[in-house]
Novice: 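Encoded as structure tokens, here's the structure I'll be asking about.
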Amino acid sequence: MSGGGCNIVWFRRDLRVEDNPALAAGVRAGAVVAVFIWAPEEEGHYHPGRVSRWWLKQSLAYLGSSLKNLGATLITKRSTDSVSSLLEVVKSTGATQLFFNHLYDPLSLVRDHRIKEVLSAQGIAVRSFNADLLFEPWEVLDDQGHPFNTFAAFWDRCLSMPYDPEAPLLPPKRIKSGDASRCPSDTLVFEDDSEKASNALLARAWSPGWSNADKTLTTFINGPLIEYSMNRRKADSATTSFLSPHLHFGEVSVRKVFHLVRMKQVLWANEGNKAGEESVNLFLKSIGLREYSRYMSFNHPYSHERPLLAHLKFFPWIVNEGYFKAWRQGRTGYPLVDAGMRELWATGWLHDRIRVVVSSFFVKVLQLPWIWGMKYFWDTLLDADLESDALGWQYISGTLPDGREFDRIDNPQFEGYKFDPNGEYVRRWLPELARLPTDWIHHPWDAPESVLQAAGIELGSNYPLPIVEIDAAKARLQEALSQMWQHEAASRAVVENGTEEGLGDSSESAPIAYPQDIQMDVDHETLRNNHPTAAIRRNEDQMVPSMTTSLVRIEEEETSLEIRPEDSRAEVPTDINRNEEPRGEASNQAVTQTLPSNILPQFTFTLGLRNAEDSTAESSSSSRRERDGGVVPVWSPSTSSYSEQFVGEESSYLQRHPESHQLMNWRRLSQTG
DNA sequence: AGAAATTTGAC
DNA sequence: TCAAATTTC
């Protein structure tokens, strides 16, 4: 009896039918209507980038057909407000229950709670589950019952919990379909015309979708996993799992990954294969970091926009758009950094090691605000993941209790020796250095003139001299740090005196706006492509960006990005789609030829900037939530014993999004499962 | 050789 | 941080 109250299963970042607790529960409860709501405006300025949207599109199509084969329909809705869309779906299907899986970013926590409130008020039962983590964030606590604030301790505890993570669920054999005839789907548009060509190339290297994710996992476990610990010093991506984009959209469950990998470990341990065992530990650690990123996001909901350690807000970041541009273009003069940035630019992908190299360079050598780098990663990475990226950047920036020392500068030259000893990686991505002998490949500035000449390199002309000398960077960093401590002390004095003034601009409390006026160099290639909108669009394009000098706020400048609600498509700024190679003649063919078949020769970027910050102070409240009758602790700065050392978390990202509502609403967010 | 200092790696 | 590894004295 399909009329007898059907069940809505709301898919978000859990685009799989296997080990999907919300789906399983919905199926158990009766007839199911599956729904996906595309509401990118809710993400504020973390609107998904082009490659991420491409992935989502494929993944959804895949899920849709899987569900269809099982007997259910996936309804897709374009929305600017998930809550009201969901309400609409509920009404038009006559549903009595809603099922979904948890997310842990602050926006989702608030939104999901609101949904729970609104629907409960209408008599709809709402049930939510853990599908994204081995353990829920509130389950993993230290002996005093407090959340951990270092990764090692956190992960130790995860691995020694008194109970195992839930075993993965099988996909449903058959789904009884609810009546969705009065609930039409909207067509979701994830790319515009100018993005199609670049997106088509992505399909050569990647296959989104839950069963492809499963294949990727199997391939990895039966192949590179055993060598994982040996290979982790190489810049080459070939030995990585390639699971991150699949995991971001929940196409494969971490619990399954965990179980399969642990199984392998037991096997290797029996065979006395120490390297294999160690490899599993290392790989699991990266799974653990993903867990930890959600954990931190849950316990410190502002960690994607503010340093966790308070003193860092007094760090005098260098707001230099020229540096930022050079970094993005891969023209810093440090070959390993530049190769990494070109690879990111060309493929949307970077080995974890290289992510550390380029981001560390960004923060420590260029001393640019880490939040910019994080935003750039968000816009360009195929596996862009707010929680993971925030953790990574905070770690690099030294803003975590267990992060890198702030005054330590990694020298890209020496990292080059380590990660790319033969210079292959650099040569692949920097064709202009391809003919440089290995001895000089990571420090061309030291090479004798004759060597440079023979390699066709003219420093400062077809390859830049180092943008900042490492020694100068060290001195500058010391200077910046002493300033930071002075400001910090001054601030403390102000607080103690109860005075409200004096402190000022050096603090990050007035957030440094992401430079949105990014201009593309109008060069020969633009002209050649003769893109009709090139002239007007260029300042929205990140392709070959050059920055103008001002830090103009977005709302003043980017009216062309305004969202028109009647537009049913994703409002993505038009890109100029072109083959772009770093300047210099070496260019296209050279790079394309050296590309392995699984790497994409061409890419475009979009700048998905939205709302500028206007942070308003507002205090959050401590709260607890119900969980099947049990009480589940929720993040609470006032009760957390170590919150003192963290930045005051009173000014909220959430407050900038009127649709997100108050933190107070978290209070009774149901965690039923 | 053996202690001390320095560098490295980790999340 | 901090322990381990490596280099220096």
Side-chain angles (χ1 to χ4, degrees), chain A residues 104 133-135 137 140 142 147-159 228-235 240-241 243-244 247 254 258 274-275 278-300 303-304 307-312 336 350-365 370 373-374 377 381 383 385-421 442 470-471 473-474 477-478 481 485 642 645-646:
Chain A
Y104 307 92
L133 296 174
L134 298 174
F135 301 103
V140 186
D142 66 16
F148 292 97
N149 53 4
T150 56
F151 171 72
F154 164 82
W155 190 231
D156 271 358
R157 176 54 56 96
C158 287
L159 292 175
Y228 194 76
S229 72
M230 307 279 251
N231 286 331
R232 66 199 225 285
R233 302 193 99 222
K234 295 185 188 162
T240 62
S241 74
L243 280 173
S244 55
L247 280 169
V254 269
F258 184 78
K274 283 270 179 271
E278 186 49 30
S279 286
V280 171
N281 283 336
L282 267 165
F283 175 69
L284 283 181
K285 197 156 94 176
S286 66
I287 294 294
L289 282 167
R290 180 183 172 283
E291 296 272 311
Y292 191 56
S293 71
R294 272 78 178 143
Y295 187 81
M296 291 301 272
S297 172
F298 179 80
N299 287 308
H300 305 280
S303 54
H304 60 298
L308 275 176
L309 290 183
H311 53 263
L312 252 294
L336 189 65
L350 270 188
H351 191 292
D352 183 56
R353 292 275 143 186
I354 305 301
R355 294 183 196 206
V356 171
V357 169
V358 300
S359 54
S360 163
F361 184 84
F362 184 93
V363 171
K364 304 292 181 67
V365 177
W370 62 273
M374 190 180 90
F377 270 25
L381 277 172
D383 59 2
D385 180 284
L386 203 48
E387 292 94 322
S388 288
D389 292 346
L391 181 67
W393 279 90
Q394 295 239 23
Y395 169 72
I396 290 307
S397 310
T399 67
L400 294 173
D402 53 350
R404 294 216 154 169
E405 276 172 330
F406 202 89
D407 58 358
R408 178 132 126 217
I409 289 190
D410 297 301
N411 190 325
Q413 177 185 343
F414 301 131
E415 290 179 312
Y417 299 160
K418 276 184 289 191
F419 303 142
D420 184 31
H442 292 299
I470 295 296
D471 285 343
K474 276 182 184 155
L477 189 59
Q478 288 307 328
L481 284 172
W485 291 119
Y642 49 85
Q645 74 186 96
F646 293 128

Novice: Identify, with sequence neighbours excluded, every residue that meets ring-ring contact (aromatic ring centres under 6.0 Å, His included) alongside A:Tyr395.
Specialist: none
Novice: Counting any heavy atom closer than 4.0 Å, what does A:Phe151 reach on the DNA or RNA strands: base, sugar-phosphate only, or nothing?
Specialist: sugar-phosphate
Novice: Counting C-beta onward and ignoring hydrogens, is there a side-chain heavy-atom pair between A:Leu243 and A:Ile287 closer than 4.5 Å?
Specialist: no
Novice: With sequence neighbours left out, which residue pairs that include part of residues 389-398 of chain A fulfil the salt bridge (charged side-chain N to carboxylate O under 4.0 Å, His left out) condition?
Specialist: none
Novice: Excluding sequence neighbours, so at least two apart, what forms side chain to side chain contact (heavy atoms under 4.5 Å, CB included) with A:Ser388?
Specialist: A:Arg290, A:Ser293, A:Arg294, A:Asp385
Novice: What is the nucleic acid contact for A:Asp410, judged by heavy atoms within less than 4.0 Å: base, sugar-phosphate only, or nothing?
Specialist: nothing
Novice: Give the first and the last nucleotide of DNA chain B, reading 5' to 3', that has any atom under 4.0 Å from a heavy atom of chain A.
Specialist: B:dT8 to B:dC11
Novice: Can you name the residues that form a salt bridge (charged side-chain N to carboxylate O under 4.0 Å, His left out) with A:Asp383, not counting sequence neighbours?
Specialist: A:Arg355
Novice: What residues form a side chain to side chain contact (heavy atoms under 4.5 Å, CB included) with A:Lys285, not counting sequence neighbours?
Specialist: A:Phe151, A:Trp155
Novice: Report the residues that fulfil salt bridge (charged side-chain N to carboxylate O under 4.0 Å, His left out) with A:Asp402, sequence neighbours left out, ordered by chain and then residue number.
Specialist: none
Novice: Name all residues meeting the ring-ring contact (aromatic ring centres under 6.0 Å, His included) criterion together with A:Phe377; count only those two or more places apart in sequence or in a different chain, and write none if there are none.
Specialist: A:Trp393
Novice: Is there any protein nitrogen or oxygen under 3.5 Å from a nitrogen or oxygen in nucleotides 3-7 of chain C, and what are the pairs?
Specialist:
none

Novice: List the residues meeting side chain to side chain contact (heavy atoms under 4.5 Å, CB included) with A:Asp142, not counting sequence neighbours, and say none if there are none.
Specialist: A:Gln144, A:His146, A:Phe148
Novice: Between residues 353-360 of chain A and DNA chain B, which residues have a heavy-atom gap below 4.0 Å?
Specialist: A:Arg353, A:Val356
Novice: Could you list the residues that satisfy side chain to side chain contact (heavy atoms under 4.5 Å, CB included) with A:Phe414, not counting sequence neighbours?
Specialist: A:Asn411, A:Tyr417
